[in-house]
Amino acid sequence: VQLQASGGGLVQAGGSLRLSCAASGRPSSRYAMGWFRQAPGKEREFVGSINRLEGTTYYVDSVKGRFTISRDNAKNTVYLQMNSLKPEDTARYYCAASIVLAPTQSSDYNYWGQGTQVTVSS
């Protein structure tokens, strides 16, 4: 499966963005989908994920209540709605797909997109 992330940009603190991750090649419904981010000089960080079957979502504590992951299997697309953005959310955001039913770590993910840059100004 190929993944294409989009929707990044420059936004002021407190603003919102919605990232999209479009899958091609195979139905995204076959995969658990995750979002990760990496800021310059920092390690890649798990942001959140959505499971393949029941659609259960998981988030890192720093984004709980602000970010929401959803999926539209008919469009082969997964979304990351980001509200109340903070400067510390600035990073390149990557979507990833996993054949594991409930992935818990980045090594569980088999396919990665190229990322989209999110910059939050203060």
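This is a predicted model, so every value here is computed, not measured. Along the sequence shown, residues carry numbers from 1.
When all heavy atoms of Gln114 and Arg92 are compared, the closest pair comes out as O-NE, 3.3 Å. Nearest heavy atoms, Tyr109 versus Ser49: OH-CB, 3.3 Å.
When the side-chain contact (heavy atoms from CB on, under 4.5 Å) test is applied to Glu45, the partners found at least two apart in sequence or on another chain are Arg37, Val60, Ser62. With sequence neighbours left out, Glu88 forms a side-chain contact (heavy atoms from CB on, under 4.5 Å) with Lys86. Every residue two or more places apart in sequence or in another chain was checked for a side-chain contact (heavy atoms from CB on, under 4.5 Å) with Glu43, and none qualifies.
Note: Phe67 and Tyr93 have tilted aromatic rings, judged against thresholds of 30 and 60 degrees for the angle between ring planes.
Apart from Leu101 itself, the hydrophobic cluster it occupies contains Leu53, where clustering links Ile, Leu, Val, Met, Phe, Trp and Tyr at side-chain heavy-atom distances under 4.5 Å.
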Residue pair Met82, Arg66: steps toward the side-chain contact (heavy atoms from CB on, under 4.5 Å) verdict = CA-CA 6 Å; Met82 306 186 294; Arg66 301 188 298 123; over 6 Å; no
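The backbone N or O of Ile69 sits less than 3.5 Å from a side-chain atom of Tyr59, completing a donor-acceptor pair. A donor-acceptor contact shorter than 3.5 Å is absent between the side chain of Asp108 and the backbone of Ser98. Formation of a donor-acceptor pair under 3.5 Å by the Thr119 side chain with backbone atoms of Thr90 is not found in this model.
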Distance-only donor-acceptor hits, side chain of residues 9-34, under 3.5 Å, sequence neighbours excluded:
unit_1: Ser16; atom_1: OG; unit_2: Asn83; atom_2: OD1; d: 2.9
unit_1: Ser28; atom_1: OG; unit_2: Asn76; atom_2: OD1; d: 3.3

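Under the 4.5 Å side-chain heavy-atom criterion for Ile, Leu, Val, Met, Phe, Trp and Tyr, Trp112 and Phe46 are members of the same hydrophobic cluster.
Between Trp35 and Val78 there is a side-chain heavy-atom pair separated by less than 4.5 Å.
Each salt bridge (charged side-chain N to carboxylate O under 4.0 Å, His left out) pair with one or both residues in residues 67-83, not counting sequence neighbours, would appear here, but there are none.
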